[in-house]
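In the text below, chain A, chain B and the rest are named by the order of the sequence lines, each starting its count at 1.
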Amino acid sequence: MKTPLLSVRGLTAHFHTEAGIVKALEDISFSIAAGEVLGLVGETGCGKSVTASCIMRLIPMPPGRIVSGEILFDGRNILALPDDEMRRMRGHDMAMIFQDPMSSLNPVFTTGYQVGEAIVTHEPQISRKTLLGRVLDLFRKVNIADPETSVNRYPHMMSGGMKQRVMIAMALSCGPKLLIADEPTTALDVSIQAQILTLIRRLRREEGSSVLLISHDLGVIASMADRVAVMYAGSIAEISRVKDLFDAPQHPYTKGLLGAIPRLDRDQGRLAVIAGTLPNLMDLPRGCKFRERCAEALPVCAEERPALTEIRHGHEVACHARTRR
Amino acid sequence: MASRSQGSLVVRRILRNPVAVVGLVIVLSYLFVAAFAPRIAPFDPNEQDLSKSFAPMSAEHPFGCDEFGRDLLSRIIFGARTSLIIQIFSVCIALVVGVFLGALGGYFGGWLDEGIMRMMDILLAFPGILLALAIVAMLGPDLRNLIIAIGIYSIPQFARITRGSVISVKQNDYVTAARAVGETQASIILRYVLPNAISPIIIQTTLRMATVLLTAAGLGFLGLGVQPPEPEWGTMLSNARMYLRSAPMVAVIPGLSIMLVVLGFNFFGDGSQDALNPRLKE
Amino acid sequence: MGRFILRRLAMLIPVLVGVSLVAFLILHLAPGDPARLMAGIDASQEDVEMLRHKFGLDRPLPAQYAMFVRGLFTGELMSLRYESPAMEVILPRLKNTLVLACASIVVAVVLGVSAGVLSATHRRSWVDYAATVLSLFGISMPVFWWGLLLMLLFSVKLMWLPSGGMGTIRHIILPALVLGTASTGIIARMTRSSMLDVLRQDYITTATAKGLTRQLVVNRHALRNALIPTVTVVGLQFGQLLAGAVLTETVFTWPGIGRLLVSSILARDLPVVQATLVIVALFFVFVNLAVDILYAILDPRIRYHG
Ligand SMILES: Nc1ncnc2c1ncn2[C@@H]1O[C@H](COP(=O)(O)OP(=O)(O)O)[C@@H](O)[C@H]1O
Ligand SMILES: [Mg+2]
């Protein structure tokens, strides 16, 4: 098998806050092949955004700290790169789309300027004319109406959907190998969400980049991703191809997410409600983090953290009830 | 109960902030000195002894003596008392009038608010020491008029701050509820709205104590403040200016006292602001 | 933009009327007879009556007010000391004060903004603590004392700089520094807190995620936004400088309106006192208007919605 584009190995990240140490990520491992879309799902606060920020090395330090692990991008451990080399990869080799387009654009610069800036940063010798052409092309590519006028508009003059298109144009500007989309539609109206997802799907077909698609919406993942990783309280519970996950979920948490009985009165893709609450990331239990909410818990679950184990080809799960048979 | 633990959290935060603690220590020492001036001061601050004119620092006169041979330390100690009187009374005037006007405007809104705020704009159009200077110049310089002048010029700050908090507090559910069960406007303002607007007012009071002291001393320096022989730091500094070259310490020490006390209030106010504003902390 | 400015101008009218009214009424605040106050205790009754008539103090208050305002413009409001229109006495000195205030504000903005930015970008480091403590010292410094200290050091001890007066660039160094000290502290505190606020915003993460250097993120994306609230403070500080000039000019014998005001008060030259109050307030109000406009230019959100 060829080396994956991105390979995260044993990533552990903490935040040192006034109240204590938040163990946001614990021994996270997954990889993304070239051209592949990996979905990352989990409840709010489980560490999806922190994972994305670690890959871009955007974690604020302090309070954040990457305790251990490595992130191999094209075979190089980016956690060990000097700051300036890492900076040159951002926006060029890997780019990110954020959750809230309303606050992600700088209010005092025009949208065209902000997209152009992403290009100039990585191609400083580019001429003004070429630059404008590139920006206009990008605006057309992401279906922004009237690109010539829009490049001169300030963010506050645009709708949320349009701003997210600008963010996508910015992310695509240097043709990154990896695109990270952190809940790109969560902050948008339902009608706009579908348009943005269609756009991302089309662009990834055209551009052929790998995508890390973060969402708490299983419906979005099902329609977009090749493989999916399920996160719970800072750990990965299960990784598999999308079809396998929906057909035969292994981890009790995944099963809970998918909901045992399909209900008509609930949006099918939404996360089902599971009894109990997330453990406190500042005071994690010794054994499995999901044990208190788990119907299939074994005695060993109180003692030992389950490790992610491949139970079938391409299907990994971290659960004692599945691996200790 | 919730508000009490909130309060103790704020106190703990303040006590953890070194700047605020230094400020608190300075302010408390100042209050102590001002309160017990007659017991602490080694001499009568107005007792002249021309034979000791500009006497240098010694064990008997730790800060030396001024041009009339008065003990500088005693005058500084009694000066603290004068400053504190000016601060307390003028800030009280400003607090009462300003909070009243601000609460009135903020709570009722409309033309009343508009009128009050325009009035405050007019007062604020005279920057800094200017308004106080003009008022005291006309009324005549003495302690009472100084207090009135400084009190008036501090009114707009309190009015604005109170108005702002009142407007944000009055939209809360408990205020609506109190109104629904028919409590009178006055009792709603006094019982619900003001107590919840209190923390910015406290901070403003602390910071204002600093400004007020600087202004009073400045007026004293211009000869328009407390009149001699009454010991007041600004006036003392002003008189000592004439002997700056021969006896600089007589001018330096009163100024140092002003700066220290102002610094104390500013340190404390600034530190508490940090502690009360959780947005600034992670 | 034009409509925006017009509306702000219209809002100024009541304030301007109020300012002139306050300056006018201040004369009547004094206990006793204003004519006697102006003429002095030892003036003859005839002189007092002449003054009373000359300043219209024998007329009803509204007529007096009208006369006062007209006098400001026509030059009929005469200085008692200089025997020339109050405005003519004030304007050349106003120029001197503005020179001093502008020098101070430049010092304050340059030092204050740099200190504030450094504080925010090096939060909780010794740089931040040092800048915070120094800023608070600056804010707490009694202008007149600080002036005397610097004068003692640089003029009396080292003899590097003149201790007062006006003329060469060397004359302005000490007064500008002293006058700008408090403003420097305030601008530094303000810049720090708005900068910290801005650095937390999502668009800063976006800028970093594009691959911009830290310098560009701070100096271009963050500073531009952080300066918006700072601009307001700078406007307010300019007013404070005009007022602070009263003390600084007294210390350094700088021939500006601050000293004029104090000497006019002591000489009971009340027309000059009143006119000076109006002028300074007018100036301050218009500086704030200019700041509002600048604010709108810096923040596109206001330009289009305000
Ligand atoms: N800057 C930070 N300081 C402290 N804790 C943080 C910080 N950023 C994230 N966390 C914590 O890390 C955990 C994971 O957050 P996040 O990755 O944003 O969740 P989500 O899965 O919703 O994206 C949360 O518990 C959050 O409180
Ligand atoms: Mg998130």
Side-chain angles (χ1 to χ4, degrees), chain B residues 18-19 22-23 118-119 121-131 133-140 207 210-211 213-214 217-218 220-224 233-234 237-238 240-241 244-245 248 251-252 254-256 258-267 269-271 273-274 277 279-280 282, chain C residues 11 14-19 21-23 26-31 37 129 132-133 135-137 139-146 148-149 151-152 156 182 185 189 193 196-197 236 238-244 246-247 250-251 261-262 264-266 270 273-274 276-277 280-282 284-285 288:
Chain B
V19 171
V22 171
R118 282 300 85 75
M119 250 165 63
D121 282 350
I122 292 166
L123 291 185
L124 285 172
F126 299 97
I129 197 174
L130 224 57
L131 188 65
L133 180 70
I135 296 174
V136 88
M138 291 304 122
L139 291 177
L207 294 175
T211 317
L213 178 51
L214 277 182
F221 177 77
L222 295 173
L224 292 167
W233 295 337
L237 177 51
S238 172
R241 252 182 98 196
L244 194 59
R245 277 157 209 265
V252 169
L256 192 64
I258 301 169
M259 192 203 69
L260 259 178
V261 174
V262 174
L263 200 63
F265 281 104
N266 277 336
F267 270 14
D270 194 83
Q273 207 159 24
D274 254 10
N277 188 352
R279 215 165 49 100
L280 287 176
E282 278 97 346
Chain C
M11 275 170 62
V15 175
L16 293 181
V17 171
V19 161
L21 207 56
V22 169
I26 262 183
L27 181 59
H28 295 270
L29 218 94
L37 183 74
Y129 288 119
T132 298
V133 169
S135 302
L136 290 174
F137 261 94
I139 295 167
S140 309
M141 205 64 102
V143 178
F144 40 95
W145 181 64
W146 180 222
L148 289 178
L149 283 190
M151 199 199 257
L152 268 178
V156 179
R189 296 300 288 154
S193 87
L196 283 176
D197 225 35
L236 288 173
F238 197 78
Q240 297 299 319
L241 291 181
L242 291 181
V246 171
L247 294 162
T250 304
V251 173
L261 183 63
V262 175
S264 300
I265 286 174
L266 297 177
L270 297 184
V273 173
Q274 290 176 304
T276 310
L277 286 178
V280 173
L282 214 70
F284 185 39
V285 165
N288 280 330

Option in C/Gly18, C/Ala23, C/Pro142, C/Gly244 with maximal non-hydrogen atom pairs under 4.5 Å from chain B: C/Pro142
Closest non-hydrogen atom pair between C/Ala243 and B/Pro127, with its separation: CB-O, 3.2 Å
CE of B/Met138 to CD of C/Gln274, rounded to nearest 0.5 Å, is 7.5 Å
Can you tell me how far the CG atom of B/Leu222 sits from the CG atom of C/Leu247, to the nearest 0.5 Å? 5.0 Å
Rounded to the nearest 0.5 angstrom, the CZ-OG distance for B/Phe267 and C/Ser140 is 7.0 Å
With a 4.5 angstrom heavy-atom cut-off, is it the side chain or the backbone of B/Val252 that approaches chain C, or both, or neither? both
Where does C/Leu16 contact chain B at under 4.5 Å (heavy atoms): side chain, backbone, both or neither? neither
Name the region of C/Leu136, side chain, backbone, both or neither, that has any atom closer than 4.5 Å to a heavy atom of chain B. both
Indicate the atoms forming the closest heavy-atom contact of C/Ile139 with B/Leu214, along with that distance. O-CD1, 3.7 Å
Are any of the side-chain heavy atoms of B/Leu130 and C/Phe284 separated by less than 4.5 Å? no
Residue part contacting chain B, namely of C/Val19, when any heavy atom lies under 4.5 Å: both
Proximity breakdown for B/Ile135 and chain C, heavy-atom pairs closer than 4.5 Å: both
Sort out for me which of B/Arg245, B/Arg118, B/Met119 touches chain C most, counting heavy-atom pairs under 4.5 Å. B/Arg245
Less than 4.5 Å to any heavy atom of chain C: does that hold for the side chain of B/Ala210, its backbone, both, or neither? neither
With side-chain contact (heavy atoms from CB on, under 4.5 Å) as the criterion, how do B/Asp270 and C/Arg189 come out once you've worked through the C-alpha distance, each side chain's angles and the decisive distance to 0.1 Å? CA-CA 10 Å; B/Asp270 194 83; C/Arg189 296 300 288 154; 2.5 Å; yes
If you take all heavy atoms of B/Arg241 and C/Thr250, which pair is closest and at what distance? NH2-O, 3.4 Å
Measure distances from C/Ile26 to the heavy atoms of chain B and classify the residue's part below 4.5 Å as side chain, backbone, both or neither. both
Check the angle between the aromatic planes of B/Phe221 and C/Phe144 and answer parallel, tilted or perpendicular using the 30° and 60° thresholds. parallel
Would you mind checking which part of C/Leu282 comes under 4.5 Å of any heavy atom in chain B, side chain (CB onward), backbone (N, CA, C, O), both or neither? neither
Under 4.5 Å between any side-chain heavy atoms of B/Leu224 and C/Leu266, yes or no? yes
Looking at every heavy atom in both B/Gly128 and C/Gln240, which two are closest together, and how far apart are they? CA-OE1, 3.4 Å
As an exercise: rank C/Leu242, C/Thr276, C/Val262, C/Leu152 by heavy-atom pairs under 4.5 Å with chain B and give me the winner. C/Leu152
Can you check whether B/Leu237 reaches C/Leu148 side chain to side chain, under 4.5 Å on heavy atoms? yes
Applying a strict 4.5 Å limit to non-hydrogen atoms, the region of C/Val17 in contact with chain B is neither
Determine the minimum heavy-atom distance between C/Val285 and B/Ala125, stating which atoms define it. CG2-CB, 3.8 Å
Note, B/Phe126 side chain near C/Leu277 side chain (heavy atom, < 4.5 Å): yes
Taking every heavy-atom pair that is under 4.5 Å apart, which of B/Ile258, B/Leu256, B/Val19, B/Leu260 has the most such pairs with chain C? B/Leu256
Contact check, side chains of B/Met259 and C/Phe137, non-hydrogen atoms, under 4.5 Å: yes
